[in-house]
There are 2 protein chains.
Amino acid sequence: MSSHQRKMPLYVQIKNKMIHNVNEEIWPPGESIPSESQLMAQYNVSRTTIRQAVRDLVQAGILETRRGAPTKVRQQPQENMENPGVIHHELGEEMAVKILRAENRLPHYFAKSQLHISEDEEVYVLERLRLADQKPIAFQQLFMPKDIGEKVHDKAEVDFDLFPHLGRYNIHYSTIKENVSASNATRYEADLLGITPGEALIDIERITLGMDQQPIEYSRTKYLPASFHYRIEIGS
Amino acid sequence: MSSHQRKMPLYVQIKNKMIHNVNEEIWPPGESIPSESQLMAQYNVSRTTIRQAVRDLVQAGILETRRGAPTKVRQQPQENMENPGVIHHELGEEMAVKILRAENRLPHYFAKSQLHISEDEEVYVLERLRLADQKPIAFQQLFMPKDIGEKVHDKAEVDFDLFPHLGRYNIHYSTIKENVSASNATRYEADLLGITPGEALIDIERITLGMDQQPIEYSRTKYLPASFHYRIEIGS
DNA sequence: ATTTATTTGTACGTATGTATC
DNA sequence: GGATACATACGTACAAATAAA
């Protein structure tokens, strides 16, 4: 124990020892920890002190108390502490990408308005399928300003997420706006995804802004609900 | 004070009185509250009891303590506890709620496992419709521990969002986990929502944890895509 | 189904430490 | 320095829920 610990309040020292016991799985997840009486004897402190340490750990989501029953170590102690809060998770083992179309086009009124591109400028259009274990799970339409699109053109069939590549050209995003909805698969989409028309799809519309607040991407991706998790976590 | 209060623990009763004092601005924001000694005399309880009540209110973000200094009422008590970039937006002018079912039930295996409720305990079940301009836009199934459900029971047909009411009982959430997906309307759901079976719905599954990290709500809400926006904004 | 022992929760009292004013 | 206020820590007793006999 560091001398740093010695001047700390007793209950904090005990709390730290308890955290150690949990981390080293001396107290395994889901198992009961010693009773308050036992802990009092073990650490030679009063019940007040034990209870204050335990209370803090319950608050931290590490322990779990129930009146009359032994105190337990919580099963999943807040898993990913570093969650940015939004988790996209594609389900499957072998992930792959298939390009349906990749070209510069003039007419695409809506996409161009989203990208703040003038009427007479070209836009880079990408249509792709996301495959998991050789089976399609998503259909994506993606639009970028022509100059940016050319930079990722040859990576488009390797990675579904293209932004890491843009980073190499010193293009970074500052803001991502997503609108999550649901839609029925059209005949065209159903055909591509190997489902029947009308099945529900998770419909994600996304606009990504660069450092200069100018749009660098507008996309629409439709996932099979069974193969995709869109999770949000608010709070700590 | 209702007789309902009398059987509650002393420190909870005191806590509720304190919350009342804060809400009614008998203790105005930013101002000091009476010292522990004064509160002991005023309520005729021990210091332990006062401290437990105060501790909970500090944890809830309502009070603020500093060693050696008087305890104060926090200026902005978790006003913007919500939305670090997550926006739910229901489209419509005249919003209303219709209750389909509201009762305590025993059998609901999945919901109870989500709420960490034991097999022989009852769970509060709420089924509601969300109406916008007299037309249904969402169907919600909501489960709560019985004691919490009873607190919002009479507000359930007034407000779709029940958490502000729970705040008055000093029940606050610490974490909200949402899983957004899409599903096809069943015949039952289609009938309730006035659409045809099979239409795509935004399917939101939510688990809310309280300050003690225990689940206080598990719900599943299905929205008509045309009447609901689920927006995420990552970054600044 | 009852009882009994165990375990956590509530509540009291007292003393001392330490930061603020 | 002194007075005040919150923080830590000890002790005791009983209540309430649980689990085992």
Side-chain angles (χ1 to χ4, degrees), chain A residues 4-18 27 30-74, chain B residues 4-18 27 30-74 112 116-122 145-147 170-171 210-214:
Chain A
H4 185 255
Q5 285 269 29
R6 300 214 183 285
K7 57 190 165 193
M8 301 192 74
L10 248 182
Y11 78 92
V12 176
Q13 296 179 38
I14 295 193
K15 194 167 69 175
N16 289 336
K17 287 178 185 175
M18 289 177 168
W27 294 347
E31 293 296 303
S32 302
I33 72 170
S35 73
E36 291 176 356
S37 324
Q38 290 172 306
L39 292 170
M40 285 167 68
Q42 181 176 339
Y43 295 124
N44 196 32
V45 295
S46 74
R47 189 164 171 224
T48 314
T49 306
I50 296 293
R51 280 185 67 74
Q52 182 151 2
V54 170
R55 183 195 309 130
D56 282 13
L57 294 180
V58 169
Q59 168 53 37
I62 294 172
L63 297 181
E64 191 172 21
T65 60
R66 242 169 76 229
R67 183 187 214 136
T71 298
K72 290 184 200 164
V73 179
R74 284 197 55 167
Chain B
H4 186 255
Q5 284 270 29
R6 302 215 183 285
K7 59 189 166 193
M8 302 190 74
L10 248 183
Y11 78 92
V12 175
Q13 296 179 39
I14 305 246
K15 195 166 70 173
N16 288 335
K17 287 178 185 173
M18 289 176 169
W27 294 347
E31 293 296 303
S32 301
I33 72 169
S35 73
E36 292 176 354
S37 322
Q38 290 173 306
L39 292 170
M40 285 166 70
Q42 181 177 339
Y43 295 124
N44 196 33
V45 296
S46 75
R47 183 151 177 241
T48 314
T49 306
I50 295 293
R51 281 185 66 75
Q52 183 153 0
V54 170
R55 184 195 308 132
D56 282 13
L57 294 180
V58 168
Q59 170 51 37
I62 294 172
L63 298 181
E64 193 173 18
T65 59
R66 244 170 70 229
R67 182 184 215 137
T71 299
K72 290 185 202 163
V73 179
R74 280 191 55 169
K112 287 204 276 197
H116 294 180
I117 286 179
S118 67
E119 192 54 38
D120 55 343
E121 236 177 311
E122 281 188 323
K146 186 182 172 189
D147 55 332
N170 198 31
I171 299 174
M211 287 299 175
D212 54 358
Q213 305 300 319
Q214 294 300 306

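Every chain is numbered from 1, with letters handed out A, B, ... down the list of sequences. This is a predicted model, so every value here is computed, not measured.
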Side chains of residues 61-72 of chain A: which donor-acceptor partners sit under 3.5 Å, not counting sequence neighbours?
none

[X] [atom1] to [Y] [atom2] distance, which is reported to the nearest 0.5 Å:
{"X": "A:Gln42", "Y": "A:Ile50", "atom1": "CD", "atom2": "CD1", "value": "8.0 Å"}
{"X": "B:Gln214", "Y": "B:Ile171", "atom1": "CD", "atom2": "CD1", "value": "12.5 Å"}
{"X": "B:Leu57", "Y": "B:Arg74", "atom1": "CG", "atom2": "CZ", "value": "12.0 Å"}
{"X": "B:Thr49", "Y": "B:Leu10", "atom1": "OG1", "atom2": "CG", "value": "5.5 Å"}

_Before you tell me yes or no, could you show the steps for B:Met18 and B:Val54 under side-chain contact (heavy atoms from CB on, under 4.5 Å), namely the whole-Å CA-CA distance, both residues' side-chain angles and the distance that decides it to 0.1 Å?_
CA-CA 9 Å; B:Met18 289 176 169; B:Val54 170; 4.0 Å; yes

*Are the side chain of B:Gln13 and the backbone of B:Met8 linked by a donor-acceptor contact shorter than 3.5 Å?*
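Looks like yes, one N/O pair under 3.5 Å.
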
*Quick one: salt bridge (charged side-chain N to carboxylate O under 4.0 Å, His left out) pairs with a partner in residues 41-60 of chain B, sequence neighbours left out?*
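Salt bridge (charged side-chain N to carboxylate O under 4.0 Å, His left out) check on residues 41-60 of chain B returns B:Lys15-B:Asp56, B:Glu36-B:Arg47, B:Glu36-B:Arg51.
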
*Locate the shortest heavy-atom distance separating A:Ala53 from A:Tyr11; write the atom from each residue and the value.*
CB-O, 3.6 Å

*Output the residues of residues 38-53 of chain B in contact with DNA chain C, where contact means a heavy atom of the residue under 4.0 Å from an atom of the strand; sort by number or write none.*
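Here the set is B:Val45, B:Ser46, B:Arg47, B:Thr48, B:Thr49, B:Gln52.
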
Every protein N/O lying under 3.5 Å from an N/O of nucleotides 18-21 of chain C:
unit_1	atom_1	unit_2	atom_2	d
C:dT18	O4'	B:Arg67	NH2	3.4
C:dT20	O3'	B:Arg66	NH2	3.2
C:dC21	OP1	B:Arg66	NH2	3.1

*When we call it a touch if two heavy atoms are under 4.0 Å apart, what does B:Ser37 touch: a base, just sugar-phosphate, or nothing?*
nothing

*Rounded to the nearest angstrom, tell me the gap between atom CZ in A:Arg55 and atom C1' in C:dT7.*
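The distance from CZ of A:Arg55 to C1' of C:dT7 comes to 17 Å, rounded to the nearest Å.
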
*May I have the distance from B:Glu36 (atom CD) to C:dC12 (atom C1'), rounded to whole angstrom?*
15 Å

*What does the inter-axis angle of the helix from C:dT2-D:dA21 to C:dC21-D:dG2 come out as, five pairs per end, nearest 10 degrees?*
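The two end axes of the helix from C:dT2-D:dA21 to C:dC21-D:dG2 meet at 20°.
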
*Bounds of contact between DNA chain D and chain B, in 5' to 3' order, using a heavy-atom cut-off under 4.0 Å*: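 With heavy atoms of chain B under 4.0 Å away, the range is D:dA5 to D:dT8.
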
